[in-house]
Amino acid sequence: MKILTTGGAGFIGSHTCVELLNAGHEVVVVDNFVNSQKEAVHRVEELTGKTVQLYEADVCDPDAMEQIFSEHTFDAVIHFAGLKAVGESVAQPMRYYRNNLDSALTLCETMARHGCKRIVFSSSATVYGVPDEVPLREDMFCKGCTNPYGWTKYMIEKILMGICDADPEWSVVLLRYFNPIGAHESGRIGENPNGIPNNLMPFITKVAAGQLDHLNIFGNDYNTPDGTGVRDYIHVVDLARGHVNACEYAQQHSGCEIINLGTGVGYSVLDIVHAFEKVNGIKVPYVIAPRRPGDIAECYSDPRKAEQLLGWKAEKNLDDMCRDSWRWQKNNPNGYQA
Ligand code: UD1
């Protein structure tokens, strides 16, 4: 298949490009590099020995999108591009709604004009809101998000569902990611957050590297086995492989499917710290800090639908995630900057 990946230079996008290319697909990337680097795409080419056609453009720009679609006939699109920092979305709601909704609509309008009706969307477990029970199943009612970032994911899901209802030729796969961590095992591509990381694993790797003093563990009084928050961490390469299967699924089916991408296993913050220390032989100093507003005690997936529909399940374990995250950080202390 020939596949357009929006945001293909980002963390999940770049890993997905590698897996698509390795599976024999052709890949075109559009990215505005607002939170990613061109170097990631060069490294995708280096890892796969294949070329990627790259457009530096904003998915919100209808003329740029028209140009790309007039130069290619795509079998499917994977839409990763979007702003993704939870805290920033609370401070800058208009920017988040404008950017994330505008880009999704511009993309879908361009696709419709060109008769490209297959899309895989980067959604998030955040759309489940505060769950009544775990594991989370795709048919559970979403009670509402806790921040504008989450709402943009929720709204884009609704937009894509509406498009499918109106035109049964569309094929939409909404992938709800749990907590992607890890990096390509080559250590050449990985997560490269701007400034001080918000998410757990990039924070741990910066502490391990001595760039940050210690980890703050946000709360140890949750109703979980050790009191710290429990999440479903998934290796980004497993997640990337899930997108390859989702594109192939979308080629065979029409309509809209929501699919969790997780392992189905929950680990606590302390589990992650201890596994990281053991696997990498390096200490991660931490202190127990107050709970972070908006956090929930436990969140993990029921991953069975992905196995049934996509024939996919996560294969890598927590040790792989910790080892690969650290290899990326160690080999690239300044991310993609030389
Ligand atoms: C967060 C977002 C989620 C988003 C996802 C992207 C919130 C409320 N949710 O998920 O919408 O889709 O990132 O990856 O922000 N922790 C610490 N210390 C830290 C950082 C995190 O103890 O410095 C803990 C958190 O309290 C949590 C766990 O580690 O229990 C995971 O946190 P994080 O990596 O930020 O992911 P989520 O909050 O699950």
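In listed order, ligands and their atoms are each counted from 1.
- The side chain to side chain contact (heavy atoms under 4.5 Å, CB included) test applied to Pro202 returns Glu191, Pro193, Pro197, Asn199, not counting sequence neighbours.
- For Phe121, the ring pair (Phe, Tyr, Trp, His ring centres under 6.0 Å) partners at least two apart in sequence or on another chain are His79.
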So what's ligand 1 close to, N/O to N/O, under 3.5 Å?
residue, atom, partner, partner atom, Å
ligand 1, 11 (O), Thr126, OG1, 3.1
ligand 1, 12 (O), Ser124, OG, 3.1
ligand 1, 12 (O), Tyr149, OH, 3.4
ligand 1, 13 (O), Asn199, ND2, 3.0
ligand 1, 18 (N), Asn216, O, 2.7
ligand 1, 22 (O), Asn216, O, 3.4
ligand 1, 22 (O), Phe218, N, 2.9
ligand 1, 26 (O), Asp295, OD2, 2.6
ligand 1, 32 (O), Arg292, NH2, 3.4
ligand 1, 34 (O), Asn199, ND2, 3.4
ligand 1, 34 (O), Leu200, N, 2.8
ligand 1, 35 (O), Asn199, ND2, 3.0
ligand 1, 35 (O), Arg292, NH1, 3.4
ligand 1, 35 (O), Arg292, NH2, 2.8
ligand 1, 36 (O), Asn179, ND2, 3.1
ligand 1, 38 (O), Arg292, NH2, 2.8
ligand 1, 39 (O), Asn179, ND2, 3.0
ligand 1, 39 (O), Arg231, NE, 2.6

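- Residue Arg95 qualifies as enclosed at atom CZ: its count of foreign heavy atoms under 6.0 Å is above 12.
- Counted by atom type alone, Arg176 and Tyr128 present one or more donor-acceptor pairs between their side chains at under 3.5 Å.
- Residue pairs meeting the ring pair (Phe, Tyr, Trp, His ring centres under 6.0 Å) criterion with at least one partner in residues 168-194, sequence neighbours excluded, are Tyr177-His243.
- Ring geometry for Phe11 against His15 counts as perpendicular: the plane angle is over 60°, on a 0 to 90° scale with 30° as the lower cut.
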